[in-house]
Each structure stands twice: as structure tokens, then as C-alpha cells.
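Heads up: the structure comes next, in C-alpha cells.
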Amino acid sequence: MTITDEDCLAETLAFNEQFEAAAASRPARGQSPSAATLALLRRNRVGGDTPPVRLAHAQSHVVEGGVKVRTFVPDRVDGVYLHIHGGGWAFGSADGQDERLWRLAVQARLAVVSVEYRLAPEHPFPAGPDDCEAAARWLVAHAATEFGTERLLIGGESAGAHLSVVTLLRLRDRHGITGAFRAANLLFGPYDLSMTPSQRSFGSRQLLSNTDSLRSTYELFTPGMGAEQRRDPEVSPLFANLTGLPPARIVIGTEDPLLDDSLFLAGRWQAAGMPVQLGVVAGAMHGFTLFPLTISEREHRRERDFLAAA
């Protein structure tokens with residue numbers, strides 16, 4: 001395992017301390033968040049306390065299956081990136097990262113299609129995965145006519161990374177579709193919802209995610225399931241057969257409770273015979289790309305370069 005960005009460690013750890021110190025001012029994500037708390041988390045930018053900026057030139061559409069998507073189409077399009085947002089399967093939105101996704105679209109010459117999948121607890125598993133699967137199948141069938149290219153990529157952050165792998169597995173296992181997506185971009189995802197050792201041992205540090213908040217989100221997403229049920233490969237892709245999936249880039253921070261998830265998934269991806277890049281960022285907490293840090297700028301650049309070249 002190679003750890004990157006150690007030259008930024010002092011800045012990164014200082015930010016983590018500031019984030020923990022401000023924990024009391026953030027809405028608590030409890031086992032059963034109140035309607036007011038859930039509404040606040042959904043209204044604001046993921047990881048922040050202000051509403052996201054929504055760009056006028058981004059367009060929202062409804063595709064086959066009734067799934068909403070938000071599209072970002074630059075003047076030059078060399079591929080299509082199916083983006084799946086994070087937010088613990090319970091908040092976040094397709095229009096919550098307009099500025100970042102538009103910048104990625106322009107710089108990587110990609111049409112970006114972000115999925116507005118249904119959220120828990122109103123719509124628990126399998127609603128979110130169903131919507132992502134439908135959006136992916138629509139792209140496989142219509143990308144050439146809609147965007148002028150059949151070069152497809154997929155990825156997301158946190159829950160979006162989980163849903164990206166689940167979507168690839170569903171395409172393969174339910175529809176015999178392999179090779180349509182040429183690469184997977186997976187940032188700090190949870191891949192074992194029965195909890196890896198790093199998830200269980202992380203404790204109560206008030207970073208963006210910790211042991212208790214992960215347990216809470218799993219209960220919202222998969223209510224009533226026990227640990228063994230959550231090990232079903234359709235729920236936890238770490239337990240799936242990964243053969244036939246595309247090359248992947250997997251990113252995680254050393255201060256993320258999901259560290260083991262990414263390390264284990266990278267090992268299993270490689271064992272399945274597919275190329276994988278593993279990036280472990282020194283001192284980075286869960287969701288670090290949401291914040292104005294040197295490591296975030298670097299990660300956005302690495303992400304752009306990977307997607308542009310895939």
C-alpha cells in the first residue's frame with residue numbers, strides 16, 4: 001500500500017481537528033433522524049451547512065423507468081460519465097455538486113449524467129440500486145444517440161461508490177452486459193455493510209463519518225437486516241464475484257472508517273484479474289473531497305486525468 005500526499009499531512013490533520021471541534025454545530029445523523037434534520041441535510045450541500053449552487057446550463061431529465069438524471073454537456077464530448085452521488089443513501093442529490101461536475105465535464109471532455117436515485121428511509125434497499133441500474137441501462141442503449149459516443153464510465157463518492165459497483169454487478173448478472181463501462185471511479189465507498197474491522201474500530205470521532213453514523217445509515221438503507229443478510233453480494237459488493245468488471249480507481253483516506261473496505265475491494269478487484277489503481281491519502285477523513293484542501297484539489301485533478309484517459 002502506497003500512501004500519497006504526506007507532504008500535506010499537517011494541513012490535513014489540522015482541518016480534521018477543526019472539523020471535530022465544530023461537531024456540536026452540525027445536525028446529528030442519528031439512528032432515526034427527525035424529519036427536520038433529514039430535510040436540512042437534504043437541502044444543504046453534502047458535508048456543508050449551505051445550499052448547493054445550481055447552474056442554469058445543467059439540465060434535468062426523466063429517462064426510461066421514470067428515473068431523473070441531471071446532465072452536464074460541454075461543447076466537446078469524448079465520453080459519458082455516469083455519476084452517482086453520496087450521502088449515506090438518505091440525502092445528497094444529483095443537483096448538489098453542479099459546479100464540480102460541470103468543471104469535470106469541461107476538463108475531461110465528458111458528458112456527465114448524475115442519477116437522482118430514490119432515498120432512504122422513505123425508499124430503502126433496493127430502490128436506490130434499482131434507479132441506478134435503470135439509468136445505466138438507459139445509457140448503454142442511448143448514449144450514442146444522446147451524446148454521440150459509446151464510451152461510458154461510472155463512479156461516485158461514498159454511497160455513490162457502493163452503488164456504482166452494485167450497478168456494474170447488476171448489469172453483468174441480470175442483463176449479461178459487460179464491457180459497456182470502460183472504467184469505475186470509486187471514492188471512499190462502503191462495500192461491506194456488515195462492517196469491516198476498520199468500520200467497527202473507528203469509534204466516535206466526530207469526523208464526517210464514524211462507527212455510529214455508519215451503523216445508522218445501514219439501518220436506514222437496509223432496515224431490519226442482520227449482519228448475515230447484509231453480507232449478501234447484492235447488498236455488500238465486497239462479497240461478490242468481481243470478474244468481468246472494468247478497470248477501477250479506488251481512493252480512500254487513512255482517517256476514514258471505510259479504509260478496510262477500499263483496501264479489501266482493491267485486493268479482490270486485482271484478484272479477479274482486472275487492473276486497479278489504489279490511492280490512500282495521508283490523513284484524509286471520509287468525504288475529504290468536499291472541502292477546500294490541497295489534497296482535494298489534487299484528488300480532483302487525478303480523478304479528471306483518470307476519467308479523461310480511461
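Start at 1 with the first residue, then count along the sequence.
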Just one of [options] clears the side-chain contact (heavy atoms from CB on, under 4.5 Å) bar with [X], so which one?
{"X": "D5", "options": "V281, V280, T12", "answer": "V281"}
{"X": "V251", "options": "T4, L186, L187", "answer": "L187"}
{"X": "C132", "options": "I154, V67, I84, V166", "answer": "I84"}

Practice item. Could I get the full list of side-chain contact (heavy atoms from CB on, under 4.5 Å) partners for R304, not counting sequence neighbours? Key: L104, Q107, A108, R301
Review point. By side-chain contact (heavy atoms from CB on, under 4.5 Å), which residues pair with R100, not counting sequence neighbours?
Key: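 Applying side-chain contact (heavy atoms from CB on, under 4.5 Å) to R100 gives H83, Q97, R103, E157, H300, E303.
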Practice item. Look at R42 together with E122 and state whether they make a salt bridge at an N to O cut-off of under 4.0 Å. Key: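 Answer for the salt bridge query: yes.
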Practice item. May I ask you to say whether D212 pairs ionically with R215, meaning some side-chain N is under 4.0 Å from a carboxylate O? Key: yes
Exercise for review: Sequence neighbours left out, what pairs pass ring-ring contact (aromatic ring centres under 6.0 Å, His included) with at least one residue falling in residues 235-272?
Suggested key: none
Practice item. Return each pair, listed once, that meets ring-ring contact (aromatic ring centres under 6.0 Å, His included) where at least one residue sits in residues 180-211; pairs must be two or more places apart or across chains. Key: F188-H286, F188-F288
Enter the distance from [X]:[atom1] to [Y]:[atom2] here, rounded to the nearest 0.5 Å.
{"X": "M195", "Y": "Y218", "atom1": "CE", "atom2": "OH", "result": "5.5 Å"}
{"X": "T294", "Y": "E11", "atom1": "OG1", "atom2": "CD", "result": "3.5 Å"}
{"X": "D256", "Y": "D261", "atom1": "CG", "atom2": "CG", "result": "8.5 Å"}
{"X": "L153", "Y": "S164", "atom1": "CG", "atom2": "OG", "result": "11.0 Å"}
{"X": "S194", "Y": "R200", "atom1": "OG", "atom2": "CZ", "result": "6.0 Å"}

Practice item. Go through the structure and list residues passing ring-ring contact (aromatic ring centres under 6.0 Å, His included) with F306, not counting sequence neighbours. Key: none
Taking side-chain hydrogen bond (donor to acceptor under 3.5 Å, both in side chains) as the test, write out the residues that go with [X], two or more places apart.
{"X": "T243", "value": "N241"}
{"X": "S93", "value": "D95"}
{"X": "E99", "value": "none"}
{"X": "T211", "value": "none"}

Practice item. Hydrophobic side-chain clustering at under 4.5 Å (ILVMFWY, transitive links): who's grouped with L9? Put none if nobody. Key: L13
**Study point:** side-chain hydrogen bond (donor to acceptor under 3.5 Å, both in side chains) between S114 and H85, worked out
**Key:** CA-CA 7 Å; S114 193; H85 70 79; over 6 Å; no
Check your understanding: Around atom CD of E20, are there more than 12 heavy atoms of other residues, nucleotides or ligands at under 6.0 Å?
Key -> yes
Review point. Would you say V69 and L55 are hydrophobically clustered, going by side-chain heavy atoms of ILVMFWY under 4.5 Å?
Key: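 Hydrophobic grouping puts V69 apart from L55.
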Practice item. Please answer: with hydrophobic residues joined when any side-chain heavy atoms are less than 4.5 Å apart, are L163 and L242 in the same cluster? Key: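 Yes, L163 and L242 fall within the same hydrophobic cluster.
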Just distance, no hydrogens or angles: give the donor-acceptor pairs under 3.5 Å from side chains in residues 138-150, sequence neighbours left out.
{"residue": "H142", "atom": "NE2", "partner": "E64", "partner atom": "OE2", "Å": "2.7"}
{"residue": "T145", "atom": "OG1", "partner": "H142", "partner atom": "O", "Å": "3.0"}
{"residue": "T149", "atom": "OG1", "partner": "R151", "partner atom": "N", "Å": "3.0"}

Check your understanding: What residue pairs, at least two apart or across chains, pass salt bridge (Lys or Arg N to Asp or Glu O under 4.0 Å) with a residue in residues 123-137?
Key ->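 Applying salt bridge (Lys or Arg N to Asp or Glu O under 4.0 Å) to every pair that reaches into residues 123-137, excluding sequence neighbours, yields R118-D131, D130-R170, E133-R170, E133-R174.
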